[in-house]
Amino acid sequence: MPLPILTITPHPAIDETVSLPSLRPGAVNVATQARRNAGGKGINVASCLADWGAPVVALGLLGQDNAAAFEALFARKGIADACQRVPGSTRTNIKIVAADTGDTTDINLPGPAVPAAAWQALLQDVRQRAQPGQWALAAGSLPPGLQTEGYAPLLKLLHERGARIALDTSGAALKQALACGVPLALIKPNRHELETLLGRPLPTCTDLREAARGLHAQGVETVVVSLGAQGAFMSSPEGAWLAAPLPVKPVSTVGAGDAQVAGLLAARHAGLDWREALRHGVAFATAKLKRLGPDLPPASEINALLQAITLSAIPS
Ligand SMILES: Nc1ncnc2c1ncn2[C@@H]1O[C@H](COP(=O)(O)OP(=O)(O)O)[C@@H](O)[C@H]1O
Ligand SMILES: O=P(O)(O)OC[C@H]1O[C@](O)(COP(=O)(O)O)[C@@H](O)[C@@H]1O
């Protein structure tokens with residue numbers, strides 16, 4: 001029985017997606033529809049992994065007053081629910097999808113402050129569950145109460161337990177996590193997040209290659225940079241590649257990055273190499289772009305996308 005993938009989401013969200021014909025700031029905007037679903041980075045990754053058939057345990061911190069949407073998602077997909085419940089409600093993040101431009105505008109709110117005891121309980125649970133060689137993903141921003149110490153205690157714990165650590169976060173949380181010196185198997189910033197981290201623009205593949213070299217020197221095994229409509233870049237111990245985007249008219253870009261992380265993890269969990277992992281990442285993300293919410297289409301659709309992906313090797 002393969003070890004399940006652990007996803008750890010300290011700051012989940014209910015995503016409220018509001019569809020508009022066009023977004024006019026400062027005016028009255030009349031929506032054509034709205035939908036709410038359980039989300040947040042590690043939750044979305046768990047959801048895609050479960051759709052693909054990979055075993056997954058969701059850890060994190062859920063507000064006890066509106067946990068039902070998450071519980072329903074976990075039950076529907078057979079995701080093991082190991083989330084701590086904290087006082088209050090999980091935050092709601094607003095996603096505005098404008099039909100005319102195809103752009104999505106994200107308004108992400110802060111969740112309730114996390115009591116120290118809930119974070120300690122989460123760390124204790126991770127200590128008991130994580131096994132040598134097991135894939136564990138820490139994902140998303142950090143809620144009020146956790147921003148000072150950041151991801152460091154969690155990453156140190158996972159490293160002590162011998163887990164293979166993937167991290168998908170941004171801003172100060174990413175900077176702090178890299179500074180704590182724990183070796184990471186995978187990070188997946190988007191281009192903007194990596195530019196913010198390094199404080200310089202990274203417009204070309206050469207710039208991305210150079211940036212990845214610096215991250216490898218800091219103990220990051222593989223760096224995947226999602227490039228939106230330009231595809232995705234990977235620098236790994238097996239080589240560096242640029243994956244061309246597949247032609248798609250996105251229904252919403254929310255969760256595309258999370259689907260990409262799920263594809264990367266699904267492939268590595270199945271014993272595939274990094275090159276195949278990049279292909280799975282792009283296929284999952286492309287499939288996700290075609291739909292709202294946290295679900296992937298059936299495996300047959302993903303497999304068809306996998307056949308269409310082209311990778312170009314980037315010389316070192
Ligand atoms: N407009 C698009 N056309 C084709 N592929 C896209 C498009 N937008 C995103 N993707 C795919 O989805 C992946 C993740 O999207 P991206 O927006 O970069 O992630 P994030 O949500 O983390 O910012 C990209 O690497 C790419 O493969
Ligand atoms: O953890 P953060 O950075 O606050 O972001 C949370 C938001 O990101 C999402 O996980 C989507 O992320 P991606 O579009 O990068 O895949 C939403 O479900 C959620 O509202």
Side-chain angles (χ1 to χ4, degrees), residues 7-18 35-48 60-61 69-70 73 90-97 101-111 137-144 146-147 151 167-174 187-196 208 224-234 241-264 278-296 305-306 308-311:
T7 65
I8 305 160
T9 317
H11 203 190
I14 303 271
D15 286 339
E16 173 138 21
T17 306
V18 178
R35 56 169 286 164
R36 291 164 68 82
N37 59 261
K41 293 213 160 25
I43 303 286
N44 289 340
V45 173
S47 174
C48 291
L61 302 168
F70 295 90
L73 178 85
T90 294
R91 65 186 170 147
T92 295
N93 286 345
I94 314 291
K95 313 286 160 180
I96 303 170
V97 177
T101 58
D103 289 339
T104 307
T105 304
D106 293 55
I107 303 174
N108 291 351
L109 280 72
L137 166 74
S141 59
L142 290 162
L146 297 187
Q147 286 158 358
Y151 273 113
L167 175 73
D168 183 11
T169 189
S170 57
L174 177 57
I187 63 171
K188 200 253 12 116
N190 63 29
R191 192 198 303 263
H192 174 67
E193 289 163 349
L194 189 57
E195 289 177 337
T196 304
L208 293 171
V224 174
V225 187
S226 59
L227 307 172
Q230 275 87 52
F233 164 91
M234 169 184 273
W241 295 274
L242 186 67
L246 293 176
V248 58
K249 191 170 180 303
V251 173
S252 160
T253 54
V254 177
D258 299 339
Q260 184 164 86
V261 172
L264 291 160
L278 177 59
R279 294 177 67 243
H280 280 71
V282 172
F284 277 39
T286 308
K288 179 64 203 62
L289 287 166
K290 299 182 191 178
R291 47 182 58 214
L292 296 177
D295 302 334
L296 279 186
L305 291 168
L306 276 170
I309 291 164
T310 55
L311 303 186

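Order of appearance sets the numbers: ligands from 1, and atoms from 1 within every ligand. The figures that follow rest on heavy atoms only: side chains count, while hydrogens, waters and symmetry mates do not.
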Seminar exercise, completed: So CG of Asp106 and OG1 of Thr17: to nearest 0.5 Å the spacing works out to 9.0 Å
For this session: Would you mind running through ligand 2 and noting each atom that sits below 4.0 Å from a heavy atom of Gly255?
Result: 11 (C), 13 (P), 14 (O), 16 (O)
Problem set entry | Atoms of ligand 1, numbered as shown, that sit under 4.0 Å from any heavy atom of Leu246 | 4 (C)
Exercise. Closest non-hydrogen protein atom to atom 25 (O) of ligand 1, residue and atom name please, with distance?
Worked result: Gly231 O, 2.8 Å
Exercise. Is it the side chain, the backbone, both or neither of Pro250 that has a heavy atom closer than 4.0 Å to ligand 1?
Worked result: side chain
Exercise. Of the protein's non-hydrogen atoms, which lies at the shortest distance from atom 19 (C) of ligand 2, and what is that distance?
Worked result: Asp15 OD1, 3.4 Å
Problem set entry | side-chain contact (heavy atoms from CB on, under 4.5 Å) partners for Pro143, two or more places apart | Pro10, His11, Val114, Leu146
Seminar exercise, completed: The atoms of ligand 1 lying under 4.0 Å from a heavy atom of Gln260, numbered in the order shown, are 13 (C), 24 (C), 25 (O), 27 (O)
For this session: Using a strict 4.0 Å cut-off to heavy atoms of Val248, name the atoms of ligand 1 that fall inside it.
Result: 3 (N), 4 (C)
Exercise. Does ligand 2 have any atom that is closer than 4.0 Å to a heavy atom of Lys95?
Worked result: yes
Problem set entry | Polar proximity ligand 2 side, Ala13 side, N/O cut 3.5 Å exclusive | no
Problem set entry | Nearest-0.5 Å distance, CD1 of residue Ile96 to CG of residue Asp103 | 11.5 Å
Exercise. Closest non-hydrogen protein atom to atom 8 (O) of ligand 2, residue and atom name please, with distance?
Worked result: Lys41 NZ, 2.9 Å
Seminar exercise, completed: One finds that the ligand 2 atoms under 4.0 Å from a non-hydrogen atom of Val254 are 14 (O)
Exercise. With a 3.5 Å cut-off and no angle check, do the side chains of Lys188 and Ser226 form a donor-acceptor pair?
Worked result: yes
Seminar exercise, completed: Of all protein heavy atoms, the one nearest atom 2 (C) of ligand 1 is Ala229 CA, 3.6 Å
Exercise. Which one holds for Arg91 and ligand 2: side chain close, backbone close, both close, or neither close, with close meaning a heavy atom under 4.0 Å?
Worked result: side chain
For this session: Would you mind running through ligand 1 and noting each atom that sits below 4.0 Å from a heavy atom of Asn190?
Result: 23 (O)
Problem set entry | Pairwise side-chain contact, Leu264 with Met234, heavy-atom cut-off 4.5 Å (strictly under) | yes
Exercise. Should Thr253 be listed as contacting ligand 2, given a heavy-atom distance under 4.0 Å as the test?
Worked result: yes
